[in-house]
Amino acid sequence: MKKLLFTLVALMCLSGPMQARATEALDYSVFARLPVQHEGRIKPIDSFARSFLTAFSGSSRIDNLAASGWLAELLFDPDQSYTREVFNVSNPGVRHSLDLPDRSNHHYTFTEIATAMEHHKSMVDSLLGAQAKDITDPAQQQVLVLYTYMLQYFEISRSLSLTLPMFEVDDRAIAEKIGVTAGQHFSYLEMIQHKATYLALVKPMLGRLGHDRPSEKQADLLRIGFMLQNMDADRQTQILRIVPPAWAQNRDVWLSPWAMLEAGQGSPRTAELLQSWQLMAQAYRNKDGVVWEKASKNALAQTLTLAGPQARPVALNAEYLYSLAHFFDISLGFYLATILTLLAGSKFYRLSFWLLGSGALSHLAGLLARIFIMERPPVGTLYESVIFVGLIVVVSGLILEIRNRHGPGLVIGALAGAILQMMGMAFAADGDTMGTLVAVLNTNFWLATHVVAITIGYGCCLVTGLLGHVYLLQSIINPSDSERLRATLRLMLSAALIALLFALTGTVLGGIWADQSWGRFWGWDPKENGALLIVLWLLSILHGWLSGLLRPVGFAMGSALTVVVVALSWFGVNLLNVGLHSYGFTTGIALNLGLFVAFEFILIGSGGLVLWQRKRSIA
Amino acid sequence: MKVKLWALAAIFILCGLAAVYDAWYTPTAILARPPEPAVNSDVAPDFSFQTYGGNTYHLRGLTEKGVVLHFWASWCAPCIAEFPVLLEKIHNAHGNLALVAVSIDDDRSAMDSFITRLQKQMGGNGEDTHVYWVWDEKKDISLKTFSTADVPETILIDSRRRMIDKIAGNPGWLKIEQAARLDAIASGKN
């Protein structure tokens with residue numbers, strides 16, 4: 001820890017020659033598409049940048065810089081980046097613990113965070129030494145998260161240090177002897193070519209150096225030595241895996257430039273790739289757009305050649321464009337606009353319908369793009385299921401509206417669509433939303449059948465539940481409009497039957513998959529129990545209705561409670577972190593889930609109570 | 001009723017097509033990749049080098065069938081340990097193998113004294129005409145051309161001057177598999 005912080009501070013002081021320069025003129029469109037291996041998959045460097053910048057700052061843009069621009073600055077001009085307010089420290093407890101100055105935007109620079117960590121190193125050391133389960137204070141937990149972010153930020157910034165022009169010799173005579181141009185910056189890769197001459201110069205000088213202050217010439221030489229020594233720490237950088245291995249062993253694991261040299265994976269092709277990155281570094285610092293573009297294109301072509309079939313250029317382009325398109329943000333905008341037009345009154349009815357339809361189209365386009373990029377159905381993770389269920393509910397809302405004009409379809413579609421998209425955004429803030437699936441899920445057939453069926457079932461259950469809410473509301477507000485109540489009841493019944501069809505089919509398909517993967521059809525796993533619970537609940541209310549045990553209000557209350565059953569099966573089971581489905585484990589939603597369940601019980605219960613009292617008073 | 005039947009038929013056909021497509025198509029991410037060939041088919045760049053004795057050569061100009069391009073340094077313990085065995089292998093290849101031993105030493109005299117010491121220790125085998133000692137003063141061959149910074153690293157080059165494999169570290173040249181690798185490039189059958 002001490003050594004690391006010392007290195008951080010030393011490097012920040014030493015990097016004097018690396019003057020900050022503005023680089024707005026550069027076009028990042030090719031750079032953004034450069035492939036990198038991160039979290040087990042090949043992605044455009046833009047996605048890598050987005051996931052880190054979002055984690056550090058809470059946003060995918062900073063100071064008018066897009067994620068790729070920010071990453072280019074961090075890689076090629078780290079000094080400038082160290083002074084940019086990137087780290088979002090919203091917890092006042094963390095700011096207080098680290099004595100960070102009060103600031104309205106709660107954003108701090110790398111230098112501020114590193115200095116604060118250095119000043120409070122005893123506290124950080126004690127936290128690092130403690131067991132994770134013993135750290136219960138959220139502020140302390142977030143100090144550790146911030147510490148990790150700081151290390152990641154620094155590691156990224158040093159990933160290409162071997163190509164950065166960090167060395168400089170001012171003295172003309174010494175520069176001539178070493179074989180470089182005086183006053184011109186040069187990189188580690190260039191320095192290493194002159195290392196023999198440099199050592200021949202510096203070794204005799206070290207013998208003569210007494211306790212006196214070194215002359216300017218000597219200081220020039222000593223500084224180079226000190227930088228060379230410090231750069232040894234950079235050899236450990238692994239985070240930016242931009243070099244596909246050129247040799248036969250372990251082709252699946254890409255390497256960072258330093259790790260490539262360390263692992264002995266260099267080849268003539270990787271030498272060319274490194275030269276392109278070095279040119280990019282020079283062009284970035286000189287604001288030379290032409291060289292920048294040419295070097296970026298070269299690096300892209302060289303990486304793709306080295307990667308072979310591991311990287312799909314068309315998918316890299318698609319992912320980059322997908323990130324720019326913000327399909328889900330646009331659809332959220334449409335859903336919110338639909339809610340506004342619905343609130344404005346019936347004169348905007350047609351507009352509301354088309355707004356919701358446009359939102360669904362944008363939503364669908366985002367899902368189709370994800371299917372193309374990931375080459376699998378878009379339902380492998382909790383985030384994806386939220387987005388997928390959102391589309392199911394919106395499309396169901398549109399179908400309901402077509403079947404029953406001026407009915408509850410638009411309200412259900414817009415409200416549920418907006419809420420689920422916002423939930424999706426919260427999940428997306430955790431980082432890469434296209435992460436590699438765990439092995440058991442890596443099968444397109446079962447993802448396309450079992451998981452899709454189950455998630456469509458979730459969506460239909462939500463529609464059923466929302467129709468239940470609408471029915472209760474209509475019964476309370478306008479009990480005399482029996483035609484409208486009957487229409488809603490019919491829709492609710494249809495939705496419950498469709499939900500049952502998908503939930504049951506999905507559950508049975510899940511059993512068959514489990515039989516193939518785990519060797520048994522049913523194992524009372526929490527997720528299996530959750531799916532069964534949904535099926536049993538739907539069967540209960542439908543049988544209650546068919547047998548006459550449940551009256552319309554009772555059936556509506558039961559339907560409304562389907563939302564709770566689905567929430568518990570969908571999210572609640574993941575909180576348990578037990579069973580064979582625990583790969584979907586989630587933290588931090590227990591409170592929200594509990595509040596939601598309590599709210600629903602109170603809402604539905606009080607609705608039922610109002611209707612029961614009204615019936616009693618009429619009787 | 002007719003419409004419903006058509007819809008049902010369409011669903012069945014779509015499901016059938018989906019099943020056929022799924023059976024035929026395997027996504028890139030989970031492609032069962034064929035076993036990696038041991039050969040990296042790239043042709044080695046034709047670099048020139050000046051030997052310990054002062055002569056200049058080109059890689060393509062070497063007459064031996066196979067070339068062992070070996071990066072080393074006099075301060076590197078694994079390099080020192082593997083040299084006697086490696087030199088013996090070159091000697092026993094009867095002119096079919098060349099060893100281009102590229103030193104990344106910063107100090108030329110360190111390399112020179114190591115070679116002198118080694119040749120004394122090896123007797124006749126240490127002065128093989130198929131061994132080319134090279135001082136890569138400016139790292140033009142090691143770093144600039146082959147991205148090699150650590151030693152020992154060895155690239156095996158066949159008779160068509162293709163880079164067959166790269167070995168990082170001391171592989172243990174006495175092992176049967178390593179001997180087979182050297183025999184393969186010495187035979188010129190690649």
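Numbers restart at 1 for each chain; the letters A, B, ... are given by sequence-line order, proteins then strands.
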**Q.** Portion of B:D140 that has a non-hydrogen atom of chain A nearer than 4.5 angstrom
**A.** side chain
Q. Which bit of B:E137 is near chain A, if near means a heavy-atom gap under 4.5 Å: side chain, backbone, both or neither?
A. both
Q | Residue A:T449 versus chain B: region with a heavy atom under 4.5 Å | A | neither
**Q.** Donor-acceptor pair between A:E190 and A:S187 side chains, under 3.5 angstrom
**A.** yes
Q. Can a salt bridge be assigned to the pair A:E375 and A:R312 using a cut-off of 4.0 Å between side-chain N and carboxylate O?
A. yes
Q: Sort out for me which of B:K139, B:K144, B:K138 touches chain A most, counting heavy-atom pairs under 4.5 Å.
A: B:K138
(Q) Under a 4.0 Å threshold between the charged nitrogen and the carboxylate oxygen, would A:R235 count as salt-bridged to A:D232? (A) yes
**Q.** Test side-chain hydrogen bond (donor to acceptor under 3.5 Å, both in side chains) applied to A:W254 - qualifying residues, sequence neighbours left out
**A.** A:Q310
Q: Output yes when B:D42 and B:R162 qualify as a salt bridge under the 4.0 Å nitrogen-oxygen rule, no when they do not.
A: no
Q: Measure distances from A:A263 to the heavy atoms of chain B and classify the residue's part below 4.5 Å as side chain, backbone, both or neither.
A: backbone
Q | Part of B:I104 within contact of chain A (heavy atom distance under 4.5 Å) | A | neither
Q.
Please classify the contact of A:I42 with chain B as side chain, backbone, both or neither, using a heavy-atom distance under 4.5 Å.
A. neither
Q: Name the region of A:L199, side chain, backbone, both or neither, that has any atom closer than 4.5 Å to a heavy atom of chain B.
A: side chain
(Q) Using only atom types and a distance under 3.5 Å, with no angle test, would you say the side chain of A:R370 pairs donor to acceptor with the backbone of A:T433? (A) yes
